[in-house]
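This report concerns only the one structure given below.
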Amino acid sequence: EPEVTQTPSHQVTQMGQEVILRCVPISNHLYFYWYRQILGQKVEFLVSFYNNEISEKSEIFDDQFSVERPDGSNFTLKIRSTKLEDSAMYFCASSGQGVSYGYTFGSGTRLTVV
Amino acid sequence: GENVEQHPSTLSVQEGDSAVIKCTYSDSASNYFPWYKQELGKGPQLIIDIRSNVGEKKDQRIAVTLNKTAKHFSLHITETQPEDSAVYFCAAIRRNEKLTFGTGTRLTIIP
């Protein structure tokens, strides 16, 4: 079964440093998303990406965040200057024609900011 | 925007009994309602979903019901087993927009 692959599985970084979280969506999917989950809380939407541009973003997704699809397979989330409160699980997801078609999550990257 | 409420936050049931988790949503334009199971350290896994043109859907021991008028939907797990223990999230979405998740239910199956 097709999978969304995320790397690394765990990243520890110093406050103020830049991090890049990587995702390889399912190959024929067109819509890409980042979500995050602070420990013990619900999954929250960050950003959606379609046709090489951001289609929607939440208020969490401020100027410190950016997304990119640098080639035909990768989808990245960059946090420019990490803060302690950025510590969370970050999930990438992708979907096909319309969100109900194969909306699939990756297994996540646990980001710890120290 | 969409708001999804989920109850209960924790649920313990004896192995073999049924478990029911309920969600309500606010946006009448939402048309797709997935349920996710999340095990420790893993991403949400889709277990069942329902679209707004359907009232009920069943897949073996799992079923979901949708009441569009009342804007609520429920997950039913019958003949529960220890491996059903996890956190369950409901979600709602319309068209190609973002998923809005409920707050989650920690289900514990007591052997």
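Worth saying up front: this structure is predicted, and the values here are computed from it rather than measured. Every chain is numbered from 1, with letters handed out A, B, ... down the list of sequences. Computed from heavy atoms alone, side chains included, the values below leave out hydrogens, waters and symmetry copies.
Ring centroid separation for the pair A/Phe75 and A/Phe49 comes in under the 6.0 Å cut-off. In this structure, B/Phe101 has its ring center no closer than 6.0 Å to that of A/Phe45.
Interface remark: A/Tyr35 contributes side-chain atoms only to the contact with chain B (heavy atom separation under 4.5 Å). At a 4.5 Å heavy-atom cutoff, A/Gln6 makes no contact with chain B through either its backbone or its side chain.
Between B/Phe33 and B/Tyr25, the two ring planes are tilted [angle within 30° to 60°]. Taking the six-membered ring for Trp and thresholds of 30 and 60 degrees, A/Tyr31 and A/Tyr33 have nearly parallel ring planes, at less than 30 degrees apart.
Two residues are said to be in side-chain contact when any heavy atoms from C-beta on lie closer than 4.5 Å; A/Tyr90 and A/Leu46 meet this criterion. Contact of the B/Thr100 side chain with the B/Asp27 side chain is not registered, since no non-hydrogen atoms from C-beta on lie closer than 4.5 Å.
Contact annotation for residues 35-44 of chain B against chain A (heavy-atom separation below 4.5 Å, listed by residue number): B/Tyr36, B/Gln38, B/Gly41, B/Lys42, B/Gly43, B/Pro44.
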Give the table of side-chain donor-acceptor pairs shorter than 3.5 Å for residues 58-65 of chain B, with sequence neighbours excluded, one pair per line with atom names and distance.
| unit_1 | atom_1 | unit_2 | atom_2 | d |
| --- | --- | --- | --- | --- |
| B/Arg61 | NH1 | B/Thr78 | O | 3.0 |
| B/Arg61 | NH1 | B/Glu79 | O | 3.2 |
| B/Arg61 | NH1 | B/Asp84 | OD2 | 2.9 |
| B/Arg61 | NH2 | B/Asp84 | OD1 | 3.0 |
| B/Arg61 | NH2 | B/Asp84 | OD2 | 3.3 |

